[in-house]
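Written out below as structure tokens is the structure these notes cover.
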Amino acid sequence: MTAEDVVRRGRLSGERDARIAAFLSSMTADRTIAGADVLVDIAHTLMLLKQGIIVREAGRPLLGALLALYWEGVPDEAFDDRFEDIHAGIESMLISAIGEGAGGRLHTARSRNDEVATCIRIALRDAVLVQTASLITLRGVLLDVAQHSMEAIMPGFTHMQHAQPTTLAHHLLAYEAAFARDTARMTGAYGRVNRSPLGAAAFAGTTYPIDARSTAVHLGFSSTLGNTMDAVAGRDVVLEVLAHLAVMMTSVSRLCEDLILWSSRFIGFVRLADAYCSTSSIMPQKRNPDTVEIMRAKAGSVIGACSAAMVITKGLPMSYNRDLQEITPHLWRAISDARESTDLLAGVLETAVFDLDRMRLEAGQGSSTATDLADHLVQNAGLPFRTAHSIVGRAVAKGGLDPATLHAATIEITGNPPGAKGMSDSEVAMALDTERSVAMRSCVGGPAPVAVRATINEERACLEGDAAWAAHERGRIDQAIAGLIRDAEEMVKG
Ligand code: ARG
């Protein structure tokens, strides 16, 4: 016997055209929450039984059928468009399998509104934990590569022009710092996501003597939400995670952009592993960085998902409106795009081969240590920085940073020759030395190896803290769910 749509049959007439059913259906996106829905059904039924809201003769077979779904998975038929969504699909299948006397009691004291909100939060908190783990791996790789490239001098750029020498470690640590903040944003959002809407029913709660705290605890939530209308209608936590993912992807995309530029022949700082490259169907010599290009584009998709979700939400009156269903496909797509990107980016970086000689050679180009020379004039000749800046700038404009040109530039800028001890060849060479330039920049967070070593140590400690939090939270949830299943099985056995 094929199950009928039990939600629709009482109020609405006639068979629905397949196009209308497909248009209304959330089944594709609901595949992401089907597992969560079974857990929610189990927790809710167990609570109904414990509270005496449904009797054992009805509740036990219902719980038994739900446990079978938990162990065997939700059958494909439950995802048929005629049910509109997986909540109606599962309920309809249960009624058809065990009869309405038992299956028809599942939806007592709840609505699909609190049900879907609960499922979204369960799937979302899992996604946040998985994204956190992926960020932790990526940061670990960045720290490892940085550890090995503290002495790898390279040019730093502003406006994409040679600016001042830095190191590869320092450059990569800039991204690691951003990904550490992304991790903190994930863990912050997690606390707001992991609260239970179950029991809010349509939006006004219920008159049955439910125990919303027990379902929250059984499902691993930290607490219940404080307002039943907010519980079903609020999607700000979804928007928050999307916004955090969008922000994270801007950093992913910038790192990809650096890698794309660096792997071009013009720059030649890095060679990405073959596995992450593609070639051309016509130009046999080509080795294109397609993986990081797709990643750069994924940032656009995630930002688009974030804006779509915000625009869908912003005009909705309280409380539940069906428009909310249209958000989740954007959410799940953004989550998988983001996670795949950070997962793969770790591999890209782990296998990248940097041309350290080429980087070092380029580090001294474009008068990249001119600032050091100006600083030297301030510190040794007592000049105001602006005067020193003008002298060195004029010497660069005249074509060289050598003692004679600096002498002439000093006269042009100040009207006087440099003091008695004008600069010698060796003094100028010393001030312009790239190695020295980097080594002197030992301020907190600077590129000098001594400063970079300290940063790496701090970041590793932070990373370990984040990893411990994620493992603890994962364990806590797994334990709660295992407890739920155990309690449900005991209830069925009696
Ligand atoms: N598929 C729906 C969603 O994602 C579930 C809630 C349906 N509620 C309703 N009142 N029609 O939002």
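For ligands, and for the atoms within them, numbers begin at 1 and follow the listed sequence.
- With sequence neighbours left out, the ring-ring contact (aromatic ring centres under 6.0 Å, His included) criterion links Y190 to W469.
- Around ligand 1, the residues contributing at least one heavy atom under 4.0 Å from the ligand are S26, D85, H87, R112, N113, V116, Y320, R322, Q325.
- Taking 4.5 Å as the limit, every side-chain heavy atom of M249 sits out of range of all side-chain heavy atoms of D337.
- Each of R139, R181, R460 was checked for a salt bridge (charged side-chain N to carboxylate O under 4.0 Å, His left out) with D466, and the lone residue meeting it is R139.
- Within the cation-pi definition used here (under 6.0 Å to the ring centroid, within 45° of the axis), R112 does not qualify as a partner of Y320.
- E240 pairs with exactly one of R235, R192, R185 by the salt bridge (charged side-chain N to carboxylate O under 4.0 Å, His left out) rule, that one being R192.
- Stacking of R31 on the aromatic ring of F79 is recorded, both the 6.0 Å distance cut-off and the 45° axial limit being met.
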